[in-house]
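In what follows, a structure is listed as structure tokens, so that the remarks can point back to it.
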Amino acid sequence: MAPESWYLALSAVLFCIGVVGVIVRRNPLVIFMSIEVMLNAANLAFVAFGHRLGTADGQAVVFFVMAVAAAEVAVGLAIIVAIFRLRRRLSVDDLSLMRW
Amino acid sequence: MIPAPPVALGALLPALIVFGTGVLVLLLDLVPPRTKDHLGGVALAGIVIALLGSISLWNHETRAFRDMVLLDNYALFFHVVICYAAALAVLLSIDYLRRNGVESGEYYALLLFSTAGMMLLASAGDLLIVFLGIELMSLSLYVLAGLFKMRLASGEASMKYFLLGAFATGFLLYGIALIYGATGSTNFDRIAAAAAARPRDTLVTIGLGLLLVGFGFKISSVPFHMWAPDVYEGAPTSVTALIATGSKAAAFAALIRVLTVALRAAQPDWSVLLWAVAAVTMTAGNVIAIAQSNLKRMLAYSSIAHVGYMLVGLVAGGVPGAGAVLFYLLAYTFTTAGAFGAILLVERSDGEAVEVGDYAGLARRHPVLAATLGLFLLSLVGIPPLAGFVGKFYLFGSAVRAGYLWLTVIGVLNSAIAAYYYLRVIVYMYMREPEGVEVRLVPSFAGGVALAIALVGIVLLGVMPAPFADLAQVAVAPLLR
């Protein structure tokens, strides 16, 4: 079995992919997916650390995070749909009504 | 079989009262009468009961769920601040929602859920509870910000708040994961013990940095403040009042506890970092606020600047510094909620009156409202004998005593810059002739009550601050032992 450090490296890479995705992508849905990747990177880190420490705390936290992420999806998609109904387009570049 | 852990719901009592009221409001929304006037009253009653309960629990420290939830004086102090913020927001909402045709049960339910999240955040003794509290608070606020479904600005505010808030949550959670990995626990006390045993652990330092990014978004400190002006401007004003006061107080509550209890060993690291953040936040907030002509936006930048002042107290540290932050949050809650409330009561024929020009000559037609708004603005400037002055005095006093002279100088200079844009509004109200569209004052009994409470608050805190400052110090003292 691969050592924990591999999982931690994978989780760090996933987190960076998520951050870069949020910064470079323009579609709110894709940005949102990138945020979910960040959350799952944290989940992977929790599980790996929990395994290394030999406690179940890390795994328990992951359940909370998954539940919260599901709630976040519900709220986020509702907001995105509400905006789409008004605009018929989906890009964060359109969110420029208010500046400075 | 695994034995069931003991359940002590008493430690969650104030938050549960608010949460239960939220559920009750949702149920009452389904039964007649069809008008929603009474729901605001129910919500308000729940918040007042939670407020009285919190006050009556003072000095009765309870710990529950393996020290995950702490109901100590520190949490109770913040419960009171948060309940005041929520009560003012509900009072301001009642007529405002009807005027805009968006009266609904779920508004009050979401407001109450968000308040319960803030209270959970204030009594968190574990990073997991911090995460849950922040999410409960924020998810409700994202929806509330987009309440005006037919207005693009409101939807835009909601979307920006949501995307940036969720982004910040990602950083926060990864920071929690790293700290858990380094110390083997998410509990504040156990983190403190583990971190003290191994100072300057790289994982802890990176985790601390990520946590500060997450919290920086929630308290809107520079460079994570970009969402604040847009959200404050686009969201319904009653919701803006809650975001600016309650959510900020709750985030500060968790931030202070995390930094002073869990990560005390890393104090040299975070105090240097926060020194820079405080200086930049104050300056950027005040300088950009000068250029604003929209009052809600101006208050948003002003609230960013006030976060900078509060970070000064956190940098100064110790009981005086942290106590000053608590007192300032109390004063700031009354002042800012009052200022947004006064704006909410003024209306143009074609929408909300938020431009500075709309307030020209207001003193002649509505002298009482102009004087009230003027007092809130003077308190934000920090003119004695109002709450803002005393709050700044304590903050900068603690910074001077802790030896942070330069930070104090920057803070005082900033207060002088800030006077310009606050006083400009007063000049418009008192010395200019009305221009363009007539604005009118919306008669609202509940709104008037809210302004009166806030006004009494800032005068009381300004005239006799000592008892409240003592309470704030009593509340933080056990954290710093």
Side-chain angles (χ1 to χ4, degrees), chain A residues 4 8 11-12 14-15 18-19 22-23 28 31-32 34-50 52-55 57-58 60-62 64-65 67-69 71-87 90 92 94-100, chain B residues 126-129 131-132 134-136 138-140 142-143 145-146 149-187 203 206 210 229-234 288 291-292 294 297 301:
Chain A
E4 276 92 25
L8 293 175
S11 120
L14 278 177
F15 185 76
V19 172
V22 171
I23 293 168
I31 292 180
F32 188 37
S34 305
I35 292 170
E36 292 293 311
V37 171
M38 288 168 68
L39 293 185
N40 282 316
N43 280 349
L44 186 58
F46 270 117
V47 173
F49 280 129
R52 185 171 83 185
L53 297 162
T55 60
D57 293 8
V61 171
V62 171
F64 284 93
V65 176
V68 167
E72 217 169 62
V73 169
V75 167
L77 290 185
I79 292 171
I80 293 173
V81 168
I83 291 252
F84 182 72
R85 282 211 182 126
L86 287 180
R87 273 214 194 267
L90 211 50
V92 282
D94 291 340
L95 301 179
S96 54
L97 208 60
M98 294 170 286
R99 279 228 171 128
W100 286 98
Chain B
D126 191 292
L127 287 173
L128 179 60
I129 300 293
F131 172 70
L132 291 179
I134 279 196
E135 286 299 281
L136 180 56
S138 303
L139 286 176
S140 314
Y142 301 150
V143 180
K149 287 191 286 274
M150 288 303 131
R151 288 190 203 167
L152 265 182
S154 182
E156 206 176 299
S158 175
M159 173 102 97
K160 279 180 180 165
Y161 194 17
F162 169 72
L163 286 178
L164 290 173
F167 189 41
T169 303
F171 282 98
L172 185 85
L173 192 66
Y174 207 75
I176 295 175
L178 293 187
I179 288 177
Y180 167 69
T183 61
S185 177
T186 51
N187 184 280
L203 266 187
I206 300 173
L210 291 172
D230 291 357
V231 172
Y232 285 25
E233 183 187 342
I288 305 176
Q292 304 303 324
N294 180 317
R297 228 174 153 70
Y301 281 108

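Quick note on labels: first sequence line is chain A, next is B, and so on, each numbered from 1.
- The two residues A/I83 and B/E156 make their nearest non-hydrogen contact at CD1-N, 3.7 Å.
- Residue B/L127 does not touch chain A at all, counting heavy-atom pairs closer than 4.5 Å.
- Heavy-atom distances place both the backbone and the side chain of B/L163 under 4.5 Å from chain A.
- Of the listed residues (A/L39, A/V61, A/V65, A/I31), the one with the most heavy-atom contacts under 4.5 Å to chain B is A/V65.
- Contact count against chain B (heavy-atom pairs under 4.5 Å) is highest for A/S11 among A/S11, A/A48, A/S34.
- Taken from CZ in A/F64 to OG1 in B/T186, the straight-line distance is 10.0 Å, to the nearest 0.5 Å.
- At a 4.5 Å heavy-atom cutoff, the contact between B/L178 and chain A is made by backbone and side-chain atoms alike.
- Interface summary for chain B: among A/V19, A/N43, A/I80, the most heavy-atom pairs under 4.5 angstrom belong to A/V19.
- The choice from B/A177, B/G184, B/A182 that makes the most heavy-atom pairs within less than 4.5 Å of chain A is B/A177.
- There is no contact between B/I179 and chain A, counting heavy-atom distances below 4.5 Å.
- Heavy-atom distances place the side chain of A/F15, and not its backbone, under 4.5 Å from chain B.
- In this structure, no portion of A/A60 lies under 4.5 Å from any heavy atom of chain B.
- Atom CZ in B/F167 sits 5.0 Å away from atom CE in A/M38 (nearest 0.5 Å).
- Remark: A/I79 CD1 to B/Y142 OH distance equals 8.5 Å, nearest 0.5 Å.
- Looking at A/A71, both its backbone and its side chain come within 4.5 Å of chain B, counting heavy atoms on both sides.
- With rounding to the nearest 0.5 Å, the separation of CZ in B/F171 from CD1 in A/I35 is 10.0 Å.
- Atom CG of A/L86 sits about 5.5 Å away from atom CE of B/M150, to the nearest 0.5 Å.
- Only the side chain of B/L132 comes within contact range of chain A, with at least one heavy atom under 4.5 Å from a heavy atom of that chain.
- Atom-to-atom distance recorded for B/M159:CE and A/F32:CZ is 11.0 Å, nearest 0.5 angstrom.
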